[in-house]
Amino acid sequence: MNATLSNTVQKLCVIGDPVTHSKSPLLHNTMCRVLGLDYLYLCQTVKPGGLEDFLAGAKALDYAGFNATMPFKELLLPYLDGLDPLAKKLGAVNTVCIMDGKLYGHNTDCPGYIAALRRRGFDPAGKRAALLGAGGAAKAVALGLSETGAEVFVSNRTPAKAQALAALAPGLIRAVAPDSGAWREALASADLLVNATPLGMAGQGQFDSFDFLELLPQGCLVSDLIYHPAPTRLLQEAAARGLAVMDGFPLLIHQAILALERFTGQTIDPDTVLPALEAALKE
Ligand code: NAP
């Protein structure tokens, strides 16, 4: 944490409801300390009905920007003065920069996931991915993967949502019915399996069975977006079958690095901040 605050410190925060569990203040304040950036990052509960008041206050108090979590990733869109093309395609922002009283929206979940994969030594270009879930995180993952040229097969409890997601990149993202032959084929040829559902998260439901992991080829990377717990039971079962695994922390970290780049306009070499971030998250 910042031990001393200058009189010119720039203000950032994360908004959401609920939000007090957020790791964003820890991640951003750690990076600012390591990089010597004069910013302070706070945690701000905002009720959905309080968004306009928050935006007016953030502008009046000269905030440099903020991150947004549930339920604001979509609710913010009508208030933005500018939107990056990826965020526009996704219809969701997680990072908003405030410049001269204007709001500029970005989505760093999408490139953050790809950065996390590459850091893990997995280049998604031209690969095949099987994706469980079609919510906000799944959309960011699917779009990010498809932008690299990867093929993505999406299976979701509510098939209509998988079909809507597939429309983001026709030909590269395909909806397949859960438990169908097409889903089993997608698993059998997958280079990457991603869980973007809450199944396995603390306090949420669990997969009924992990038999589907038997269908994955050896060499497939199993990625769970959940980081509480890390590893999840899915990743434990995958590792027990000799499969490579990646938990939800790399996405959390890389979307934060990219968000701080947007806030500060500085390029951040992940090597300069990763050891401190990993240590902070372990505490
Ligand atoms: P979301 O928008 O609510 O989407 C949840 C998805 O999971 C939906 O497709 C939903 O299916 C499906 N689902 C929910 N409960 C299910 C169940 N019991 N069985 C089967 N499918 C179920 O949530 P989200 O924001 O995308 O988040 C998804 C997961 O990613 C969460 O665990 C979250 O913690 C994690 N996440 C991690 C990070 C990170 O930084 N590591 C970032 C974002 C999210 P329906 O369409 O049928 O409802």
Side-chain angles (χ1 to χ4, degrees), residues 14 16-19 21-28 67-76 87 90-95 106-117 119-120 129-145 152-168 173 175-180 183 193-210 212 222-235 245-260 274 277-278 280-281:
V14 57
D17 181 32
V19 73
H21 64 284
S22 173
K23 302 278 187 207
S24 291
L26 175 69
L27 294 175
H28 283 270
N67 288 118
T69 183
M70 268 181 36
F72 294 114
K73 289 186 176 185
E74 291 91 17
L75 291 179
L76 272 162
L90 278 171
V93 294
N94 71 335
T95 301
H106 305 272
N107 191 301
T108 66
D109 288 332
C110 191
Y113 185 69
I114 302 306
L117 281 179
R119 183 88 198 174
R120 175 73 181 64
L131 173 62
L132 280 164
K139 267 171 88 176
V141 165
L143 185 63
L145 288 169
V152 185
F153 297 85
V154 190
S155 168
N156 191 48
R157 180 176 64 176
T158 308
K161 273 173 72 178
Q163 281 149 17
L165 198 164
L168 282 178
I173 307 178
V176 292
D179 297 325
S180 63
W183 176 240
L193 169 70
V194 187
N195 176 35
T197 78
L199 290 174
M201 193 160 108
Q204 301 284 328
Q206 184 55 273
F207 289 94
D208 294 334
S209 155
F210 294 94
F212 63 93
V222 179
S223 157
D224 201 329
L225 302 192
I226 293 168
Y227 57 81
H228 181 54
T232 53
R233 175 92 191 277
L234 173 70
L235 295 192
V245 297
M246 182 170 92
D247 64 35
F249 279 119
L251 165 59
L252 183 71
I253 286 173
H254 285 276
Q255 63 77 26
I257 294 173
L258 293 172
L260 193 59
L274 277 172
L277 290 175
E278 284 162 3
L281 286 168

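All residue numbers in this chain count up from 1 along the given sequence. Both counts, for ligands and for their atoms, begin at 1 and track the order of listing.
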S.K.: Quick one: which of Ser155, Gly133, Pro198 has a heavy atom closest to atom 5 (C) of ligand 1?
M.R.: Pro198
S.K.: Would you tell me which option among Met201, Lys161, Lys139 has the nearest heavy-atom contact to atom 33 (C) of ligand 1?
M.R.: Met201
S.K.: For ligand 1, which part of Asn156 has a heavy atom less than 4.0 Å away: the side chain, the backbone, both, or neither?
M.R.: side chain
S.K.: Of the listed options (Leu225, Leu131, Leu252), which comes nearest to atom 41 (N) of ligand 1 when hydrogens are ignored and any heavy atom counts?
M.R.: Leu225
S.K.: Check whether any N or O atom of Thr158, backbone or side chain, sits under 3.5 Å from an N or O atom of ligand 1, and answer yes or no.
M.R.: yes
S.K.: Salt-bridge test for Asp109 and Lys139: reply yes if a basic N is under 4.0 Å from a carboxylate O, no otherwise.
M.R.: no
S.K.: Of the side chain and backbone of Leu132, name the one, both, or neither that has a heavy atom under 4.0 Å from an atom of ligand 1.
M.R.: neither
S.K.: Does the side chain of Arg233 reach to within under 4.5 Å of the side chain of Phe210, using non-hydrogen atoms?
M.R.: yes
S.K.: May I ask you to check if ligand 1 and Gly136 share an N or O to N or O distance below 3.5 Å?
M.R.: yes
S.K.: Please tell me if the side chains of Val152 and Val154 come closer than 4.5 Å, counting only heavy atoms from C-beta onward.
M.R.: yes
S.K.: What's the shortest distance from atom 42 (C) of ligand 1 to any protein heavy atom, and which residue and atom give it?
M.R.: Leu251 CD2, 3.9 Å
S.K.: Do Asp17 and Met70 come within less than 4.5 Å of each other through their side chains, counting heavy atoms only?
M.R.: no
S.K.: Please confirm whether Gly205 comes under 4.0 Å of ligand 1, counting heavy atoms of the residue only.
M.R.: no
S.K.: For atom 3 (O) of ligand 1, is the nearest protein heavy atom closer than 4.0 Å?
M.R.: no
S.K.: Are Tyr227 and Met201 packed together at the side-chain level, in the sense that at least one heavy-atom pair is separated by less than 4.5 angstrom?
M.R.: no
S.K.: Check whether any side-chain heavy atom of Cys110 sits under 4.5 Å from a side-chain heavy atom of Leu90, and report yes or no.
M.R.: yes
S.K.: Can you tell if the side chain of Ile257 reaches within under 4.5 Å of the side chain of His254, non-hydrogen atoms only?
M.R.: yes
S.K.: Of the options Ile253, Leu277, Leu281, which is the one that meets Lys23 in a side chain to side chain contact (heavy atoms under 4.5 Å, CB included)?
M.R.: Leu281
S.K.: Using heavy-atom distances only, which candidate in Lys23, Arg157, Met70, His228 approaches atom 16 (C) of ligand 1 most closely?
M.R.: Arg157
S.K.: Below the 3.5 angstrom mark, is there an N/O of Ile226, backbone or side chain, next to an N/O of ligand 1?
M.R.: no
S.K.: For atom 28 (C) of ligand 1, grab the closest protein heavy atom and report residue, atom and distance to one decimal in Å.
M.R.: Ala196 O, 3.3 Å
S.K.: As an exercise, state the distance from CG of Asp247 to CG of Asn195, rounded to the nearest 0.5 Å.
M.R.: 12.5 Å
S.K.: Could you tell me whether Gly135 and ligand 1 have an N or O pair separated by under 3.5 Å?
M.R.: yes
S.K.: For ligand 1, does Phe249 get within less than 4.0 Å through its side chain, its backbone, both, or neither, judged by non-hydrogen atoms?
M.R.: neither
S.K.: Against heavy atoms of Ala134, which atoms of ligand 1 measure under 4.0 Å?
M.R.: 9 (O)
S.K.: Out of Ala137, Ser223, Ala116, Pro250, whose heavy atom sits nearest atom 43 (C) of ligand 1?
M.R.: Ala137
S.K.: Is there side-chain contact between Val93 and Lys73, with heavy atoms separated by less than 4.5 Å?
M.R.: no
S.K.: Is any side-chain heavy atom of Leu132 less than 4.5 Å from a side-chain heavy atom of Val194?
M.R.: no
S.K.: Hey, does Leu199 come in under 3.5 Å of ligand 1, counting only N/O atoms on both sides?
M.R.: no
